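What follows is a short report on a single structure.
Keep in mind that this is a model prediction, so the values were computed, not measured.
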Amino acid sequence: MVTEPEILQILLVKNIENFVVNVWTRCKSGLIANNNQTHSALIVEQDLNTLAQDLEDRKFHLEEIKSFFSLIQLESQAILQLYFPNN
């Protein structure tokens with residue numbers, strides 16, 4: 001059993017329509033300072049990007065880039081909801 005981890009990273013590689021995407025989700029322990037008090041916090045970062053190994057073979061056009069950013073916004077929310085449901 002892991003107790004008090006400092007960093008937890010989850011890597012997911014998935015297809016989102018015409019894109020193969022790396023989805024990194026990092027959870028880090030942290031502190032929030034407010035009015036001379038500190039509170040424990042969970043810091044969540046997401047990194048969603050296309051695969052580096054596709055860089056030489058795949059060139060993205062403007063419409064594909066627009067589509068990617070529209071899809072990724074929804075995908076990011078869905079992944080966070082999966083890991084941190086609002087129950």
Side-chain angles (χ1 to χ4, degrees):
M1 182 162 110
V2 178
T3 59
E4 299 184 35
E6 289 184 27
I7 299 175
L8 169 67
Q9 296 189 89
I10 302 168
L11 171 61
L12 174 66
V13 178
K14 64 184 297 183
N15 291 312
I16 302 172
E17 291 201 13
N18 295 328
F19 304 100
V20 179
V21 178
N22 278 331
V23 181
W24 284 96
T25 302
R26 296 174 189 89
C27 302
K28 301 176 185 179
S29 60
L31 295 173
I32 296 175
N34 189 10
N35 297 330
N36 296 325
Q37 296 180 340
T38 58
H39 304 279
S40 297
L42 178 65
I43 301 163
V44 179
E45 299 175 2
Q46 276 192 319
D47 180 5
L48 295 95
N49 54 61
T50 55
L51 303 180
Q53 57 265 36
D54 291 346
L55 189 60
E56 294 296 320
D57 301 328
R58 179 91 192 259
K59 303 298 179 206
F60 296 101
H61 301 285
L62 180 58
E63 290 306 314
E64 289 176 300
I65 295 168
K66 288 179 183 179
S67 174
F68 177 80
F69 280 105
S70 293
L71 293 167
I72 287 304
Q73 181 180 5
L74 297 173
E75 187 65 26
S76 175
Q77 292 172 356
I79 291 167
L80 286 177
Q81 182 64 33
L82 178 67
Y83 296 150
F84 305 101
N86 296 330
N87 292 345

Note: Leu42 and Cys27 closest approach over all heavy atoms is CD1-CB, 3.9 Å
List the steps and the verdict of side-chain contact (heavy atoms from CB on, under 4.5 Å) for Ile16 and Lys14.
CA-CA 6 Å; Ile16 302 172; Lys14 64 184 297 183; 4.1 Å; yes
Grouping I, L, V, M, F, W and Y whenever their side-chain heavy atoms are under 4.5 Å apart, do Leu71 and Leu74 come out in a common cluster?
no
Check against side-chain contact (heavy atoms from CB on, under 4.5 Å), Val44 and Tyr83
CA-CA 11 Å; Val44 179; Tyr83 296 150; over 6 Å; no
For Ile79 and Gln46, which heavy atoms make the closest approach, and how far apart are they?
CG2-NE2, 3.3 Å
Between Phe68 and Phe19, how do the two ring planes meet: parallel, tilted or perpendicular, split at 30° and 60°?
perpendicular
With rounding to the nearest 0.5 angstrom, report the OG1 to CG distance, Thr38 to Leu31.
5.5 Å
Inter-residue atom distance Leu11.CG - Arg26.CZ, 0.5 Å rounding
9.0 Å
If you round to the nearest 0.5 Å, how far is CD of Gln9 from NZ of Lys28?
7.5 Å
Nearest 0.5 Å please: distance from the NZ atom of Lys59 over to the CD atom of Glu64.
12.0 Å
hydrophobic_cluster_shared for Leu82 and Leu80, side chain cutoff 4.5 Å
yes
Could you check whether any side-chain N or O of Ser67 sits under 3.5 Å from a backbone N or O of Glu63, counting only pairs where one atom can act as donor and the other as acceptor?
no
For the residue pair Gly30 and Ile43, what are the closest heavy atoms and their distance?
CA-CD1, 4.0 Å
The side chain to side chain contact (heavy atoms under 4.5 Å, CB included) partner of Asn22 among Asp47, Val13, Thr50, Leu12 is Val13
